[in-house]
Novice: 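Take this structure, written in structure tokens, and hold onto it; I'll ask about it next.
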Amino acid sequence: QVQLVESGGGLVQAGGSLRLSCAASGRTFSGYAMGWFRQAPGKDREFLAGISGSGSSTYYADSVKGRFTISRENAKNTVYLQMNSLNPEDPAVYYCARRRLGGSYLSADEYDYWGQGTQVTVSS
């Protein structure tokens, strides 16, 4: 069983930054790609960023490219999402997830374990 625990959410002013962390249990963390998603009220869960198991490859949604950066520290079983230039379109619950082997980054259906989510709120 894999457990993912996000942290780092909170309230930030527009234009500000937050760094989300996702700590994973289990011994095979480096063998799996990871992703970050978000879900705002009344909207579908949205892919934001993905990273390969080694960390050598990253992928971003157009909506966050250039503002958000995904990274990982396999020695700490942790994946991060650095979020800069936050704006009023960014508030949501943010989730990390483990991607199935060989799956696509973009679809939430390709992820088998999810964290409980962390709330991000942006004040204007």
Side-chain angles (χ1 to χ4, degrees):
Q1 188 74 8
V2 173
Q3 289 188 318
L4 303 176
V5 180
E6 301 99 336
S7 61
L11 173 64
V12 63
Q13 286 190 327
S17 298
L18 283 175
R19 188 174 85 152
L20 306 183
S21 299
C22 171
S25 65
R27 299 180 181 178
T28 59
F29 179 72
S30 64
Y32 288 86
M34 300 291 293
W36 283 97
F37 288 73
R38 68 185 177 191
Q39 189 166 21
K43 295 189 176 181
D44 292 335
R45 195 163 292 193
E46 174 190 13
F47 168 79
L48 300 175
I51 188 167
S52 62
S54 67
S56 61
S57 298
T58 56
Y59 306 87
Y60 295 94
D62 288 343
S63 59
V64 303
K65 198 174 294 183
R67 298 192 299 127
F68 291 8
T69 302
I70 189 171
S71 62
R72 65 191 297 161
E73 283 190 79
N74 286 340
K76 295 185 178 180
N77 276 20
T78 301
V79 62
Y80 304 97
L81 186 68
Q82 176 67 42
M83 306 187 296
N84 299 328
S85 302
L86 286 162
N87 63 55
E89 295 183 349
D90 293 319
V93 178
Y94 283 67
Y95 299 90
C96 69
R98 191 185 81 168
R99 199 197 71 179
R100 302 178 199 276
L101 293 175
S104 162
Y105 280 100
L106 299 181
S107 172
D109 292 339
E110 299 289 348
Y111 293 77
D112 53 4
Y113 289 97
W114 292 81
Q116 82 288 350
T118 186
Q119 178 72 50
V120 171
T121 304
V122 181
S123 65
S124 56

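The model shown is predicted, which means the values in this text are computed figures rather than measured ones.
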Novice: For A14 and S124, which heavy atoms make the closest approach, and how far apart are they?
Specialist: CB-CA, 4.3 Å
Novice: Using modelled atom types only, decide if a donor and an acceptor are shared between the side chain of Y80 and the backbone of T69 within a distance under 3.5 Å.
Specialist: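 A pair under 3.5 Å: no.
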Novice: So, does T118 use its side chain to make a donor-acceptor pair with the main chain of G9 at under 3.5 Å?
Specialist: yes
Novice: Using ring centroids (six-membered ring only for Trp), state whether Y95 and F37 fall under 6.0 Å.
Specialist: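 Distance test on ring centres: not under 6.0 Å, no.
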Novice: Hey, does the side chain of R72 reach the backbone of G55 with a donor-acceptor pair shorter than 3.5 angstrom?
Specialist: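 Looks like no, no N/O pair under 3.5 Å.
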Novice: Given a cutoff of under 4.5 Å between side-chain heavy atoms of I, L, V, M, F, W and Y, with clusters grown through shared members, what are the other residues clustered with L4?
Specialist: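 For the cluster that includes L4, the remaining residues are V2, V12, L18, L20, F29, M34, W36, L48, I51, Y60, V64, F68, I70, V79, L81, M83, L86, Y94, Y113, V120, V122.
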Novice: Checking S52 against Y105 for the side-chain contact (heavy atoms from CB on, under 4.5 Å) test, could you report, in this order, the C-alpha distance in whole Å, the side-chain angles of both residues, the deciding distance, and whether it holds?
Specialist: CA-CA 9 Å; S52 62; Y105 280 100; 3.7 Å; yes
Novice: Could R38 and E46 be called an ion pair, given the rule that one side-chain N must be under 4.0 Å from one carboxylate O?
Specialist: yes
Novice: Are the side chain of R100 and the backbone N or O of D109 linked by a donor-acceptor pair below 3.5 Å?
Specialist: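 Yes, because the side chain of R100 sits within donor-acceptor range (under 3.5 Å) of the backbone of D109.
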Novice: Between E6 and G117 (side chain of the first, backbone of the second, donor and acceptor by atom type, cut-off under 3.5 Å), is there such a pair?
Specialist: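 Such a contact is found between E6 side chain and G117 backbone.
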Novice: Give, for atom CZ of R98 and atom CD of Q3, the distance between the pair rounded to the nearest 0.5 Å.
Specialist: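 Spacing of CZ (R98) from CD (Q3) equals 12.5 Å.
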Novice: Of all the heavy-atom pairs spanning G102 and R99, show the shortest one and how long it is.
Specialist: N-NH2, 3.7 Å
Novice: Considering non-hydrogen atoms only, spot the tightest contact between A92 and A40 and give its length.
Specialist: CB-N, 3.8 Å
Novice: Looking at K76, is its backbone amide N or carbonyl O close enough to the side chain of T78 to form a donor-acceptor pair, meaning the two atoms are under 3.5 Å apart?
Specialist: yes
Novice: With distance as the sole test, does N77 use its side chain to make a donor-acceptor pair with the main-chain N or O of G26 at under 3.5 Å?
Specialist: yes
Novice: Give me each pair satisfying side chain to side chain donor-acceptor pair (under 3.5 Å) with a member in residues 16-33, each pair once, sequence neighbours excluded.
Specialist: S17-N84
